[in-house]
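What follows is a single structure, written as structure tokens, with notes after it.
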Amino acid sequence: MRCKASSTTERPGVRAPTSRRRFMGMAALGSAAALGLTTISTRKPAHAAGHSPAVVIGTGYGAAVTALRLGAAGVPTVMLEMGRLWDTPAEDGTIFSSMLTPDRRAMWFKERTEAPLASFLWMDLANRDIEPYAGVLDRVDHGDMSVYVGRGVGGGSLVNGAMAVTPKRWYFEEVLPQVDADEMYRTYFPLANAMLGTNHVDRDWFETCDSYQFARVSRAAAEKAGYETAFVPSVYDFDYMRREEEGLVPRSALASEVIYGNNHGKRSLDKSYLAAALGTGNVTIETLSEVRGISQQQDGSYALSVRRIDESGNVLGIHQLTADHLFLGAGSLGSTELLLRARDTGTLPNLGEEIGQGWGTNGNVMLGRANHGQDLVGSLESGMPALGIDAWDDPVNPVFAEIAPVPAGLETWASLYLAITRNPERGTFHYDPGADRAVLDWREEQGQPSIDAAKQMFDRINEVNGTSYRYDLFGDTRAFENRFTYHPLGGLVLGEATDLHGRVKGYRNLYVTDGSLIPGSTGVNPFVTITALAERNIARILAEDVRTRA
Ligand code: FAE
């Protein structure tokens, strides 16, 4: 019997967006895309005179939550997003390009794609030369560390693996001890999951489908070594995925689509929070609009300088916008850079030394194992992980290793993992005036604790199974890749750079709402934590700081 993927159940006090509000928002997104507009709204934009009661920078998780709650409270709100809207098919009939045939849509102004799996059998098979364009995935290089981020309306939700994981409570309490964990686990984590559309894979289907053969092979190897695995909830619609495998609907997760966007199946933020935000009628999204500078005016409001570009990167102009309340949701790199620049160029001189501190990789390290010839993973691998090796409660060596796909469309005899480890190392940012950018101070050896932890787990798995590492995946002969992260966290840490609800110290009505609040680690994939924390913070800010009309 096949049952449907189950959705996160709604609980009392947990309200998913009304379908009418979301429908209106989706219609606004669709028509803006069809007409090629860079202003998306269900009503006349709220900032005709260059001023808005609230401005939110970015359209990722923290930003989307904040805009919805402001809009629902009747506060006219403008969101500024440096990337484009991803809602209209290109000439080939698809919105996004796949990992097997990436084109200019894949990356943010690069001449060649930069896939995290740099090689296969030491050959660079995954990357292609492309035309520089406002594509959906960016890799921001900071010396020994490269950070992957999403660009476009929806931020990281457009490119991520959709794994919607709530952290272990004991670890959350350790990472953010001043946050009321009872309230988070009773109210805000369930709210975040309901709003995001988190769902669970049907276990019977998982055990028999082709798409997760790769995960079952990895699970068997882990269990043989005494490790437990855990199913991972997702915001990819597992029921859609089942129908993909049955050939009933167009393929996305099963057509090697992940990091350059999914054409179907994924509940990215433009289909959840952002659609609901637009549906309030109070939220406007301006795309291809990068905030470059923030200053405070005499009356206490904030002035932003915003660089407008076209999709080819031509600068169309710099315009000014002012806001009474300013929310930074530009992600760990983006928000940290904006405040560092403002502090060090003197436009927000009261910002303190805590700006740019406490950054971490969530202990990310990637590795592959070579399987025995008979342990086939199959040629069909779902791009969306559904299982992890869960040893996070191990007091000696806590590791949560996501069993990741290699959706190459052929048998690879490889098992891939993105391990999340408890790496205590932290980086800091400084402002480089010559380049006018924030630079991350992080040395490659700071990733070594992540390698050591993952190695301990996977040495054991290899030993028990008689298998070995893959040395051909990361462009040279290394078995562990710790020079990139998908999970940048910190830079504007809660309770340090801000108060306990994201209010920036030294300034009134200036807030941080994204992953930069989290001090470098969540122990699991981070977007549910970012979303839940943003829900908690904006509830308090709306109650205490903002005059609402609702
Ligand atoms: P984020 O989503 O990064 O959004 C920031 C937005 O601000 C972006 O749209 C930027 O373009 C925009 N922006 C930046 N600077 C400016 C500026 N100056 N002016 C205007 N706009 C600006 O922020 N997490 C999970 O929990 N599960 C997963 O399965 C998972 N897989 C991942 C796979 C990949 C390939 C990647 C890259 C990430 C993955 N993540 C995953 C991480 C997750 O997407 C990330 O933690 C969140 O997206 C961070 O949310 P924020 O709200 O901090």
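Each ligand, and each atom within it, is numbered from 1 in the order the structure gives.
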Considering residues at least two apart in sequence or located in another chain, which fulfil the ring pair (Phe, Tyr, Trp, His ring centres under 6.0 Å) criterion with F474? none

For Y133 and A106, indicate whether the former's side chain and the latter's backbone hold a donor-acceptor pair under 3.5 Å. no

Side chain to side chain donor-acceptor pair (under 3.5 Å), paired with N160, selected from Y148, Y486, Y61: Y61

Between V232 and F400, is any pair of side-chain heavy atoms under 4.5 Å apart? yes

Go ahead and list the nitrogen or oxygen contacts between ligand 1 and the protein that come in under 3.5 Å, distances to 0.1 Å, or just say none.
{"unit_1": "ligand 1", "atom_1": "2 (O)", "unit_2": "G156", "atom_2": "N", "d": "2.9"}
{"unit_1": "ligand 1", "atom_1": "9 (O)", "unit_2": "E81", "atom_2": "OE1", "d": "2.7"}
{"unit_1": "ligand 1", "atom_1": "9 (O)", "unit_2": "E81", "atom_2": "OE2", "d": "3.1"}
{"unit_1": "ligand 1", "atom_1": "9 (O)", "unit_2": "G152", "atom_2": "O", "d": "3.4"}
{"unit_1": "ligand 1", "atom_1": "11 (O)", "unit_2": "E81", "atom_2": "OE2", "d": "2.7"}
{"unit_1": "ligand 1", "atom_1": "11 (O)", "unit_2": "R151", "atom_2": "NH1", "d": "3.3"}
{"unit_1": "ligand 1", "atom_1": "18 (N)", "unit_2": "V291", "atom_2": "O", "d": "3.0"}
{"unit_1": "ligand 1", "atom_1": "19 (N)", "unit_2": "V291", "atom_2": "N", "d": "3.0"}
{"unit_1": "ligand 1", "atom_1": "21 (N)", "unit_2": "M82", "atom_2": "N", "d": "3.2"}
{"unit_1": "ligand 1", "atom_1": "26 (O)", "unit_2": "M163", "atom_2": "O", "d": "3.3"}
{"unit_1": "ligand 1", "atom_1": "26 (O)", "unit_2": "P526", "atom_2": "N", "d": "3.1"}
{"unit_1": "ligand 1", "atom_1": "26 (O)", "unit_2": "F527", "atom_2": "N", "d": "2.7"}
{"unit_1": "ligand 1", "atom_1": "27 (N)", "unit_2": "M163", "atom_2": "O", "d": "2.8"}
{"unit_1": "ligand 1", "atom_1": "29 (O)", "unit_2": "G161", "atom_2": "N", "d": "3.4"}
{"unit_1": "ligand 1", "atom_1": "29 (O)", "unit_2": "A162", "atom_2": "N", "d": "3.2"}
{"unit_1": "ligand 1", "atom_1": "29 (O)", "unit_2": "M163", "atom_2": "N", "d": "2.9"}
{"unit_1": "ligand 1", "atom_1": "31 (N)", "unit_2": "G161", "atom_2": "N", "d": "3.0"}
{"unit_1": "ligand 1", "atom_1": "44 (O)", "unit_2": "N160", "atom_2": "ND2", "d": "3.1"}
{"unit_1": "ligand 1", "atom_1": "52 (O)", "unit_2": "Y61", "atom_2": "N", "d": "3.1"}
{"unit_1": "ligand 1", "atom_1": "52 (O)", "unit_2": "G62", "atom_2": "N", "d": "3.1"}
{"unit_1": "ligand 1", "atom_1": "53 (O)", "unit_2": "G515", "atom_2": "N", "d": "2.9"}

Pairs under 3.5 angstrom only: tabulate donor-acceptor contacts from the side chains of residues 336-343 to other protein residues two or more places apart or in another chain.
{"unit_1": "T336", "atom_1": "OG1", "unit_2": "S332", "atom_2": "O", "d": "2.6"}
{"unit_1": "E337", "atom_1": "OE1", "unit_2": "A438", "atom_2": "N", "d": "2.8"}
{"unit_1": "E337", "atom_1": "OE2", "unit_2": "R341", "atom_2": "NH2", "d": "3.3"}
{"unit_1": "R341", "atom_1": "NE", "unit_2": "D436", "atom_2": "OD1", "d": "2.8"}
{"unit_1": "R341", "atom_1": "NH1", "unit_2": "R292", "atom_2": "O", "d": "2.8"}
{"unit_1": "R341", "atom_1": "NH2", "unit_2": "D436", "atom_2": "O", "d": "2.9"}
{"unit_1": "R343", "atom_1": "NH1", "unit_2": "G352", "atom_2": "O", "d": "2.8"}

Who passes side chain to side chain contact (heavy atoms under 4.5 Å, CB included) against P167, sequence neighbours left out? F172, Y185, F189, V524, T529

